[in-house]
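Just below is one structure, and these are the notes that go with it.
By convention in this document, chain letters (A, B, ...) are assigned in the order of the sequence lines, proteins followed by strands, and residues within each chain are numbered from 1.
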There are 2 protein chains.
Amino acid sequence: MRDDPHEALPAVSDDRSPDLRVGAFQGVRAARRNELAEDYVELIAELIHMQGEARPVDIAASLGVKVPTVSKTLDRLSREGLITRAKYRSVFLTEEGRALAKECRRRHEIVLRFLISLGLDPETAERDAEGIEHHVSERTLALFSAFANRS
Amino acid sequence: MRDDPHEALPAVSDDRSPDLRVGAFQGVRAARRNELAEDYVELIAELIHMQGEARPVDIAASLGVKVPTVSKTLDRLSREGLITRAKYRSVFLTEEGRALAKECRRRHEIVLRFLISLGLDPETAERDAEGIEHHVSERTLALFSAFANRS
DNA sequence: GCGGATTTATAGCCTTGTCTAACATTTCGC
DNA sequence: GCGAAATGTTAGACAAGGCTATAAATCCGC
């Protein structure tokens, strides 16, 4: 879940102004900390939906990382209460994890639909959406959504 | 510099398809590795432009981190050939660093103008642009640019 | 139901990014 | 031009995210 902080941010000006951007960096770094967790829960939800279970080996293949990396990250997600797991068993989302997954999927869908409705090819749209979805505010999402639904 | 890889990516389908997204993750992780460097060189260029020099203390204040963190990161950027520095002196961009900064600023401007032209308030636009700019492909940038310039 | 193949876990290493504390240098006011 | 304030560096801690190598458990074909 992005925490969507509303730090102080002076008005925009055309010509440079470092101060302008200062506050933004905090929010970006905050969002970055959550990106990986969001990717995981979203993917786990998808795997469970698609194939009935989420196995580390499939998660690893999907993300393009090695299984031990997944294992370690799952430990963290478990510590953070997003998933539950038992040794040598596949992974499940907690209530909280499911909520986060749903939220992520919603954002992903909106960004993807928006990019495609803008005229982007679906492959590029998918790649860009994956990166962008963690960094769009609720306000921007609303605009994206409205645009995609325009007449 | 985003490396803008063009990995294999199957066609989009409305209803889930993990494979779809698989390739996207590689690109996202690649982009993530460069984000911080991009933030730094862009900010350094801005500081030099605005106040004639880029001092660690100002970089730290702008990014919202502590000075030693900046110092360590500058070491890395120096190793990577993006900046030059001398002990207790302020920081300069190399030719390569300047090119990257220019490229980053271009992306930032396009994304920012686009968001504002979509109807987003400037403050939120700035925050979102900061996060989004590292994840937009050239193709998307072209569309953003065209949209912002529409009649 | 055994044994090999697959999957999962663990240990250990590396890098990056963050911090604090302690020390060094430079800058600046007077 | 001296000394205090500001700035910069270094050292060391810690977490996260990645890897390889090795060990353990599960799964499956026969």
> DNA chain C: B:Lys87 or A:Ser71, which has the more 5' nearest nucleotide?
Replying inline: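 With B:Lys87 and A:Ser71 compared, the 5'-side residue is A:Ser71.
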> Starting at the 5' end of DNA chain C, which residue's closest nucleotide do you reach first, A:Leu74 or A:Arg29?
Replying inline: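 It is A:Leu74, whose closest nucleotide lies nearer the 5' terminus.
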>> Quiz question: going by heavy-atom distance under 3.5 Å, is there a donor-acceptor pair between the base of D:dG18 and the side chain of A:Lys72?
In response: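 Side chain to base: pair present.
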> To the nearest 0.5 Å, how far apart are CD in B:Glu80 and CD in B:Glu96?
Replying inline: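 Here the rounded value is 9.0 Å.
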>> I need the B:Asn149 CG to B:Ile110 CD1 distance, nearest 0.5 Å.
In response: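 These two atoms lie 9.0 Å from each other.
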> So does A:Glu138 pair up with A:Arg106, basic N to acidic O under 4.0 Å?
Replying inline: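 Looking at A:Glu138 and A:Arg106, the cut-off is met.
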> Do B:Ile44 and B:Leu74 have side chains that get closer than 4.5 Å, going by heavy atoms?
Replying inline: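 When only atoms from C-beta onward are counted, B:Leu74 and B:Ile44 do touch, with a gap below 4.5 Å.
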>> Of all nucleotides in DNA chain C that come within under 4.0 Å of a heavy atom of chain B, which is furthest toward the 5' end and which toward the 3' end?
In response: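 Contact boundaries, 5' end first: C:dT16 to C:dT27.
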What is the separation between atom [atom1] on [X] and atom [atom2] on [N], rounded to the nearest whole Å?
X	N	atom1	atom2	result
B:Lys66	D:dT10	NZ	P	20 Å
B:Arg89	D:dA6	CZ	C1'	14 Å
A:Arg33	D:dA16	CZ	P	11 Å
B:Arg32	D:dA16	CZ	C1'	13 Å
B:Asp58	D:dA6	CG	P	14 Å
B:Arg76	D:dT10	CZ	P	18 Å
A:Asp75	D:dA15	CG	P	14 Å
B:Leu36	D:dG17	CG	P	15 Å

>> Could you check whether A:Glu130 and B:His135, counting side-chain N and O atoms only, form a donor-acceptor pair closer than 3.5 Å?
In response: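 Their side chains do not contain a donor-acceptor pair, so the 3.5 Å distance test is not met.
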> Is B:Phe144 reachable from A:Val136 through a run of hydrophobic residues whose side-chain heavy atoms are each under 4.5 Å from the next?
Replying inline: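 A:Val136 and B:Phe144: one cluster.
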>> Starting the side chain at C-beta, find the nucleotide from D:dC27, D:dG8, D:dT20 nearest to A:Pro68.
In response: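 From the listed options, D:dT20 comes nearest.
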> So what does B:Val57 hit on the nucleic acid, given a heavy-atom distance under 4.0 Å: a base, only sugar-phosphate, or nothing?
Replying inline: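 Sugar-phosphate, backbone atoms only, no base.
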>> Donor-acceptor check, side chain of B:Ser78 to backbone of B:Thr84, threshold 3.5 angstrom: yes or no?
In response: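 A pair under 3.5 Å: no.
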>> For D:dT9 and B:Arg85 - does any side-chain N or O of the residue sit under 4.0 Å from the phosphate oxygens OP1/OP2?
In response: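 Looking at the OP1 and OP2 atoms of D:dT9, one of them is under 4.0 Å from a side-chain N or O of B:Arg85.
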